[in-house]
Amino acid sequence: MDLLSAIELWPLLTGVMSIALGLFVGMVFGAMPGLGITIAISILLPLSFTMSPVNAILMLLACYQAAEYAGSISAITLGIPGTVMATPIVEDGRAMAQSQSPGKALAYSLYGSTVGGLIGGLILIFFAQPLARFALRLGDSEFFLLGLLGLVAVTTFAARDPLKAAISIVLGMIVGMIGLDIFIGVPRLTFGLPQLYEGASLIAVVVGLFAFSEVYLMVAGNMMFRRVVDTSDLRISLSLREFAATAKAMVTGSVIGALVGILPGVGSTVSGWLSYSAARQLSRNPGQFGKGSAEGIAAPDAANNATVGGALLPFITLGIPGTAAIAIIAGAFIIHGIQPGPLMIRQNPELINAIFMGFLATTVGMFIIGKLLSNGFVRLLVTPNVVLVPGVLIMSIMGIYATRAQFFDIWLAIGISLLAFVMRKLGFSLVGFILALVLSPIIERSFRRALVLSDGDMTVFFTRPISAVLIAFMVVMLVYSLVRAHWTRRTPGRRAPAMD
Amino acid sequence: MRILHAEIVFYALLAGIGGLVLWQTTGLQSRGDTIGPAAFPQAMGWALIGLCALGALRSVIQAAPDRLAIPGGRKVIVTLAALSGFVGLWQWLGHFYLLAFVFLTGLMAFYSLDERLTWRRLGLFSAGVGVFLAFTYLFFSRVLRAQF
């Protein structure tokens, strides 16, 4: 073997191992009710320090993809969705598990997720270049408005209470401003602490927000409670005929999932329900929905995984993360000094190609691991919280410390976790907080640079045509948000859909 | 505690954070930049105070009668205390793996009081934690080269 091929083989091998690790962790955490996607990604994020940028990003994307699928494992075998996104699958998944077999329901879920992941990936690949070319024509004023639009979208679509979401966003923006000023380098909001000069450690904030605060919620019930899982007939396979019968639902779910994923703040909860309704409308057997319909499982699962590809599109091309998971994955880019956005596509084509190819590989890997190990993940569901809670705590602590060897970061995570716990209890939005934290430097930098370039002329933010369109979108969203809040108050018992 | 009171206390705390932001950024000077480094944090500080005032007003008007439920509150406090104690002792004394063993086994023993803690169960927890920490030691120190 010559030296060149040996050099190429090593990155490939490490890439495969990173994807496998991400898939494994994603499946375990996605399957366990109460853990979920954000904790899985939070715990893996510190490891990305030790990896190449491509491997780190692929590991996190694999984790995201796998957790989206794995949420259905507990939905089908226990009737408890492992993630919020798996809620539309519970009824049909559980009914099929009881009337046919859990393996058959899991198979529809896995095949749907795989088709969704692939279609979402292809949409990402085909639309990334044109969108990035368009984004290159945008100026700082438009980027400022795009960032703002992302936050307004979270307030509008992702939160039950727009006022509390707005407060969460402002709080996230403030935490995102801690550190040296991006223009003139003076320390801001650091309270004289040198540990804060580089900003609040993103890993500490993420772990405190999602992992530690979740642990405080998990300890509420009986910690020794062991779930009873139906492990009879866990063969995960579909015949060609069964696959073909649900293909239309899978494609419908995938397209809806990818399109909804592009919208910031919406995410797979909405896409899952939308695709479920669409699949029922298009089905030859709509009466079967809710009673173990294969299409009722495949469509939302396809939508969930297609959302990942869709959500990556605005992030990679514009630098605007639309979901909490993507915001945490943005941390891996930041850790490696990569600024997502149109310039990244132009300046790092190798990285982008590797992410695109790797994304499709993660979907295929998810299918293989899901087929081989899903029955093992089902058996893991009996693990009681007495084991899970200390495990999550110690892995989180080790992850935070391994990144910068700073005790300060662990204390910061503990402090943030208390804030997050109270925020969750009182109905504030953690999604809004983390998105604002990540978007804060983009929004501030664009705003200030636009003003410098225009000699302080504020009209630059609304005189360009694209700016006007973005402002119009924001106004529509805010009006919708107010109308919805008013309507929800007037019809007691009706709750607005929320992602967090 | 009623949700109304909890919300008002929390809004006051957040407004205090807003005030802290304003105080911390008051003296920051602009150097050639049109709005300077203080403008954005100050805008956010004022926004936080304003939104919290609005939120508090809304809470008072709505006056939700429900009480704030924190199921397993005692376990939350013990978990937080154990976590802080563990990190504090580790920072002070070192010996991460030894302390981690005590922390994890202790937490598991405490949580298992939800049913019944037996010697057999304690032995199982200790053995499980030992094996887990051995794996993490190998992974972090040999693969990632991270020292604790």
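Owing to the predicted nature of the structure, the values given are computational and were not obtained by experimental measurement. Residue numbering restarts at 1 for every chain, and letters A, B, ... go by the order of the sequence lines.
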Given a strict heavy-atom distance threshold of 4.5 Å, which part of [X] is in contact with chain A: side chain, backbone, both, or neither?
X      : value
B/L54  : both
B/I77  : neither
B/F148 : both
B/S112 : both
B/R121 : side chain

To check you understand the geometry: which heavy-atom pair defines the closest contact between [X] and [Y], and what is its length?
X      : Y      : result
B/P41  : A/L189 : CB-CD1, 4.5 Å
B/V76  : A/Y216 : CG2-O, 3.4 Å
B/M108 : A/P390 : CG-CG, 3.8 Å
B/G72  : A/V219 : O-CG2, 4.3 Å
A/A220 : B/K75  : O-NZ, 3.8 Å

Quick check on the interface: out of [options], who has the most heavy-atom pairs with chain A under 4.5 Å?
options                     : result
B/P71, B/G88, B/A6          : B/P71
B/I70, B/L113, B/T25, B/I3  : B/I70
B/T79, B/L28, B/L83, B/L107 : B/L83

Taking the side chain as everything from C-beta on, heavy atoms only, tell me whether [X] gets closer than 4.5 Å to [Y].
X      : Y      : answer
A/I167 : B/Y11  : yes
B/F86  : A/L393 : no
A/M177 : B/M44  : yes
B/P37  : A/I184 : yes
B/Q91  : A/W411 : yes
B/R58  : A/D161 : yes
B/I35  : A/F447 : yes
A/M224 : B/Y111 : no

Between chain B and each of [options], count heavy-atom pairs under 4.5 Å; write down the option with the most.
options                        : answer
A/M423, A/M395, A/E444         : A/E444
A/L217, A/L426, A/V215, A/V387 : A/L426
A/F212, A/F421, A/F191         : A/F191
A/L451, A/T50, A/N222          : A/N222

Run B/E7 and A/K164 through salt bridge (charged side-chain N to carboxylate O under 4.0 Å, His left out) and show every step you take.
CA-CA 11 Å; B/E7 282 191 339; A/K164 285 180 176 172; 2.5 Å; yes

Enclosure of [X] [atom1] (heavy-atom neighbours >12, cutoff 6.0 Å):
X      : atom1 : result
A/E198 : CD    : no
B/F132 : CZ    : yes
B/Y137 : OH    : no

Sole candidate of B/L20, B/L48, B/L14 that passes side chain to side chain contact (heavy atoms under 4.5 Å, CB included) when paired with A/I174
B/L48

Have a look at A/Y401 and tell me which of B/F140, B/W90, B/F96 forms a side chain to side chain contact (heavy atoms under 4.5 Å, CB included) with it.
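Answer to the side chain to side chain contact (heavy atoms under 4.5 Å, CB included) test with A/Y401 among B/F140, B/W90, B/F96: B/W90.
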
Name the region of [X], side chain, backbone, both or neither, that has any atom closer than 4.5 Å to a heavy atom of chain B.
X      : value
A/I182 : neither
A/I414 : side chain
A/P384 : neither
A/T190 : backbone
A/M398 : both

Taking the ring centre of each residue, are A/F428 and B/F10 less than 6.0 Å apart?
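Here the rings of B/F10 and A/F428 have centres that are less than 6.0 Å from each other.
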
Rounded to the nearest 0.5 Å, what separation is found between the CZ atom of B/F40 and the CZ atom of A/F183?
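Separation between the atoms: 10.0 Å.
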
Within the side chain of A/K425, is there an N or O that forms a donor-acceptor pair under 3.5 Å with the backbone of B/A69?
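Answer holds: yes.
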
